[in-house]
Amino acid sequence: MEIKQLYNDLTAAYSAENLNKITRKLIVHYKAKDYATIRSFANKMSKYIDVTDEKDARCFSKMMMLYHPDKGDGYRREIQQIYEQNNFEKLQKFSHIFVISGIESATVAVVDEAVGFNPEYVWETESDDDETDLYNDGYSDYCNHSDFEKSFFNLIKIREYGRIDIEIPTYYFEDFEEFEMAESGLESLDGVEYCIHVKILDVSTNNLTDISNLWELNLLEELYLANNEIGYIDALSNLTNLKMVDLSGNQIDDISPLFDLEKLEYVNLIENKVPQQQIEKLKAKGVVVMV
């Protein structure tokens, strides 16, 4: 293919009309919880961009950031400049748009929500002390134990040591910059406040209602809270470095805590009853908002 043909094809592919088609279809698949289709296209695009290892919410958010119509002017200017430089190889790096454009004809798979949810990290432990081995009588007995809390702190213990009857110094959490805890059965963020250097946190698809423990994590840049039971997001007002936040699939009706976050670039509000006036205020600040 000659550079002029590639330039013309890319200019058409990155048109506002085509970007709107792509994002609308991505949203349709996301709302239908058809994550498999979104991931299949992400895998096909792996030659150009790397989102294949991301969890569902993160994969969707990053693809939306790539193809949102608000990005169109910037893409078209850059494509024009590269074409004028006669740099065919650099121009080819934008070709992932041709792959994702195929989502327009992809059928939306119907997800059976009656299928049971199995956390990626089962709340199962082993202990050297038979008296404290709460798992001996089975998973359900362990979960029903009066001292058991499916918290951030306890999940770290299970991941690292396979048990919760162990002490971990809080400074252990300070060295981590990323935590991926999607689909883990979390009910509490107790302990996350010690992760003072964390920049990326994914706790989507859990059973969280309270996110107040996030208040001190002001180095956070990406936060994924999709598919929980969150109603209030006051704690986010202190996250001054936040760039991306996914709040989809919750019970949020007030996003005013986000208004003063100067670095915010992307917010996913799908399946929340947020007043249109607040949505427009966020968009007026240049934030990409998904509804």
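Smallest separation of non-hydrogen atoms from L19 and G72: CD1-CA, 3.6 Å. The shortest non-hydrogen separation linking A13 to N18 is O-ND2, 2.8 Å. Counting all heavy atoms, side chain and backbone alike, V198 lies closest to I200 at CG2-O, 3.4 Å. Nearest heavy atoms, N20 versus P69: OD1-CG, 3.3 Å.
Applying side chain to side chain contact (heavy atoms under 4.5 Å, CB included) to L201 and the options F176, F179, Y224 leaves one that passes, F179. Screening F98, F94, Y14 for a side chain to side chain contact (heavy atoms under 4.5 Å, CB included) involving D9 leaves a single residue, F98.
In this structure, E221 contributes its side chain and L242 its backbone to no donor-acceptor pair below 3.5 Å. Here the side chain of S256 pairs no donor or acceptor atom with the backbone of D254 at under 3.5 angstrom. In this structure, K243 contributes its side chain and E222 its backbone to no donor-acceptor pair below 3.5 Å. In this structure a side-chain-to-backbone donor-acceptor pair under 3.5 Å is missing from D190 to S188.
For the residue pair N43 and S40, no side-chain donor N or O sits within less than 3.5 Å of a side-chain acceptor on the partner. With hydrogens and angles left out, the side-chain atoms of E183 and T205 include no donor and acceptor closer than 3.5 Å. Checking N250 against E271 by side-chain atom types alone, no donor-acceptor pair falls below 3.5 Å. There is a side-chain donor-acceptor pair under 3.5 Å between Y172 and E160. In summary, the side chains of D246 and S248 do present a donor paired with an acceptor at a separation below 3.5 Å, with no hydrogens or angles considered. At a cut-off of 3.5 Å, with distance as the only test, no side-chain donor of Q85 or Y83 sits close to an acceptor on the other residue.
Residue D260 qualifies as open at atom CG: its count of foreign heavy atoms under 6.0 Å is 12 or below.
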message: Run the side-chain contact (heavy atoms from CB on, under 4.5 Å) test on H68 and M290 for me, step by step, so that the C-alpha distance in whole Å, both residues' side-chain angles and the decisive distance to 0.1 Å come before the verdict.
response: CA-CA 9 Å; H68 195 276; M290 309 308 307; 3.7 Å; yes
query: Are H29 and F41 close enough, and set up right, to give a ring-ring contact (aromatic ring centres under 6.0 Å, His included), and what steps lead you there?
result: CA-CA 12 Å; H29 286 280; F41 277 91; 7.6 Å; no
query: Can K31 and I270 be said to form a side-chain contact (heavy atoms from CB on, under 4.5 Å), step by step?
result: CA-CA 8 Å; K31 285 185 174 180; I270 290 173; 3.6 Å; yes
task: Decide yes or no on side-chain contact (heavy atoms from CB on, under 4.5 Å) for Y232 and I211, but give the supporting numbers first.
output: CA-CA 8 Å; Y232 299 98; I211 61 170; over 6 Å; no
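Side-chain atoms of N227 and S204, non-hydrogen and from C-beta on, never get closer than 4.5 Å to each other. Here the side chains of L236 and L220 are not in contact, with every heavy-atom distance at 4.5 Å or above. At least one side-chain heavy atom of L214 sits under 4.5 Å from a side-chain heavy atom of L223. Taking 4.5 Å as the limit, some side-chain heavy atom of L208 sits within range of a side-chain heavy atom of V203. The shortest side-chain heavy-atom distance between L66 and Y75 falls under the 4.5 Å cut-off. E262 has its side chain within reach of K285: a pair of non-hydrogen atoms, C-beta onward, lies under 4.5 Å apart. V287 places none of its side-chain heavy atoms less than 4.5 Å from the side chain of E265.
A search for side chain to side chain donor-acceptor pair (under 3.5 Å) contacts involving E193 returns N213, not counting sequence neighbours. Partners of Q276 according to the side chain to side chain donor-acceptor pair (under 3.5 Å) rule, which considers only residues two or more places apart in sequence or in another chain, are E280.
Residue S151 holds its OG atom at 9.0 Å from CG of L189, rounded to the nearest 0.5 Å. I233 contributes atom CD1, which lies 13.5 Å from atom OG of S212 (distance to the nearest 0.5 angstrom). Distance check: N86 CG to L91 CG gives 9.5 Å after rounding to the nearest 0.5 Å.
A salt bridge links E178 to R58: one of the charged nitrogens lies within less than 4.0 Å of a carboxylate oxygen.
When ring centroids are compared, F60 and Y35 stay outside the 6.0 Å threshold.
A cation-pi arrangement is not found for K33 relative to Y30, the charged atom failing to lie both closer than 6.0 Å to the ring centre and inside a 45° cone about the ring normal.
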